[in-house]
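First up is the structure itself, then whatever we jot down about it.
In listed order, ligands and their atoms are each counted from 1. These numbers were taken from a predicted model, which means no experiment stands behind them. Note that the numbering runs from 1 along the sequence shown for the chain.
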Amino acid sequence: MLNPHFRYSAFLVSFLSCWFLLQVFWFPSTKTNNPVPKPQYPAATTTVSAVTATTKCNGRVSVYVYNLPAEFNLGLLEDCSHLNVYTNMCPHVANHGLGQPLNNMDHGSTDSNPNPWFATHQFIAEMIFHARVENHPCRTWDPSEANLFYVPFYGGLHVSSKFREANHTIRDALAVRLADYLQSQPTWRNNHGKDHFIALGRTSWDFMRTDSGPDFGANCLLNLPCVKNMSVLTVERNPWKGINQHGIPYPSYFHPSTSHQMLTWQNMMRQSNRPHLFSFIGAPRKGVDKAAIRDEMIKQCGESSRCKLVKCDRGNPKCYDPAEILGVMRESQFCLQAPGDSFTRRSTFDSILSGCIPVFFSRHTAYTQYAWFLPPEESKYSVYMDEQGDESKRIEEELLKIPKEEVERMRARVIDMIPRLTYVHPNASDIGFEDAVDVALEALAKHVRDKIQDDNNNAAIAESM
Ligand SMILES: *[C@@H]1O[C@H](CO)[C@@H](O)[C@H](O)[C@H]1NC(C)=O
Ligand SMILES: *[C@@H]1O[C@H](CO)[C@@H](O)[C@H](O)[C@H]1NC(C)=O
Ligand SMILES: *[C@@H]1O[C@H](CO)[C@@H](O)[C@H](O)[C@H]1NC(C)=O
């Protein structure tokens, strides 16, 4: 088992060199001349089912949104050029976090209004989540009716503005003020915050500073006692210590407003020509444990005529060209997902959106992260190759062993997974399928109900003894 701190240090060591890759955007490069194609596979009835507001909430989800002082969310955006020490976030926080519209996308249909494609930043889920919940049919304005209390803190944007702040007191100050604010609320006291949650667009490592570990700019948010009573949604949970952490998808670039836009895209991905057996898009890593597996992937991919390699060192311009990156994914059957700078990668979600079957090398890249979103049978939608296993094992040979029919079944499954992993446009209402926010709220409501019930039972047992 690799030490998470070591992982995290690797994250920062290679942070600058791969920052641009991390933000690569997607414009599929190929044009389909066909009219909207018929699905090759029977359209799964679960893909898009008629879910209306009433059946969706139905007393199960009733979410109250705290009206926080502006310093915890919208106020932070006023200084958007300093929100991240590496990049100007102003273009990325536009449109409630969707970012800038992409105008040269292949929509595959005339139904491109409103435009569902945006150059969405990988670490911006907290803003999109907020915008979605504000406009969600299960939102309530009456705290006495609510079973979930959402604390819309832009903690990820805030922490990345303080990465270079040496003084821990200053770095932690806003998180500490949030804790004070929450505990002064009458709505907090009913359940000691057990029915409260926050959603964070960055990985949990950014909020779990330990005094023993090296200091990489993280704050103490997730170690605060009151936050430990809450549920924390994050794009990467700590698989060992994150018992109250739940993985949510990284946002990709597709934010449809209608189920027709979703169905059209899924059909296009079913029809897509995939001449490459597999592909790898990424940079070599220097001097860390991941270097070995990455170098091996680059070597094997480079040597195989069946692999499409996009090597992202020395500022390869293709790696900054979304058309290239996503164009490659939709022309590939399998997409290698080497652990990135931390365990998870946004690229996993780009790959699924492209109908490219992900190949994982760590269980923490997806399986231990996104339990609410991914089907339980891992082998039905992905391939797992043990990182610690025999490195001379040929990736190509392993993939070629999978029968063609099985590959097709897996791809069909991957494409069926797209809606639940998508953040639909926050202005959309009654879109007709469950997106990432719907799935998260439903799962969270059940989780909170069970947790409060357990606590009450335990209290009753303690009293009777
Ligand atoms: C949502 O609709 C409002 C009002 O029509 C508009 O001002 C806003 O820009 C829209 N949001 C996005 C993200 O397009
Ligand atoms: C950190 O900042 C706080 C608040 O401004 C200040 O009181 C403290 O002395 C600073 N600590 C160090 C080590 O500079
Ligand atoms: C967390 O919950 C426990 C009950 O399980 C409660 O005793 C404690 O005061 C809560 N902590 C905070 C900071 O509210």
Problem - Residue Cys226 vicinity, atoms of ligand 3 by number, heavy atom under 4.0 Å - result: 13 (C)
Practice task
Answer yes or no for atom 11 (N) of ligand 2: protein heavy atom present at a distance under 4.0 Å?
Solution key: yes
Handout entry: For atom 4 (C) of ligand 3, the protein heavy atom that lies nearest, with its residue and separation
Key = Lys194 NZ, 3.5 Å
Handout entry: Ligand-side contact atoms (ligand 2) for residue partner Ile170, heavy atom cut-off under 4.0 Å
Key = 2 (O)
Handout entry: Side-chain H-bond candidate by donor/acceptor type, Ser382 with Tyr367, under 3.5 Å
Key = yes
Practice task
Check the pair Tyr66 / Leu182 against side chain to side chain contact (heavy atoms under 4.5 Å, CB included), numbers first and verdict last.
Solution key: CA-CA 9 Å; Tyr66 273 102; Leu182 288 175; 4.2 Å; yes
Problem - Identity and separation of the nearest protein heavy atom to atom 13 (C) of ligand 3 - result: Gln183 OE1, 3.3 Å
Practice task
Could you find the nearest protein heavy atom to atom 9 (O) of ligand 3 and give me its residue, atom name and distance?
Solution key: His192 ND1, 4.0 Å
Problem - N/O separation below 3.5 Å, Asn167 to ligand 2 - result: yes
Practice task
To the nearest 0.5 Å, tell me how far Phe153 CZ sits from Leu68 CG.
Solution key: 9.0 Å
Practice task
Give the single entry among Asn229, Asn191, Leu224 that approaches atom 3 (C) of ligand 3 most closely by any heavy atom.
Solution key: Asn229
Handout entry: Residue, atom name and distance, where the atom is the protein heavy atom closest to atom 14 (O) of ligand 3
Key = Trp188 NE1, 3.2 Å
Problem - Asn84 CG to Arg202 CZ distance, which is reported to the nearest 0.5 Å - result: 6.0 Å
Practice task
Measure the spacing between OH of Tyr150 and CZ of Phe129 and express it to the nearest 0.5 Å.
Solution key: 6.5 Å
Handout entry: Aromatic plane relationship, His246 with His447 - under 30° parallel, 30 to 60° tilted, over 60° perpendicular
Key = perpendicular
Problem - Side-chain donor-acceptor contact under 3.5 Å, Asp350 with Ser252 - result: yes
Handout entry: Proximity of Lys228 to ligand 3 by residue part, where a heavy atom lies under 4.0 Å
Key = neither
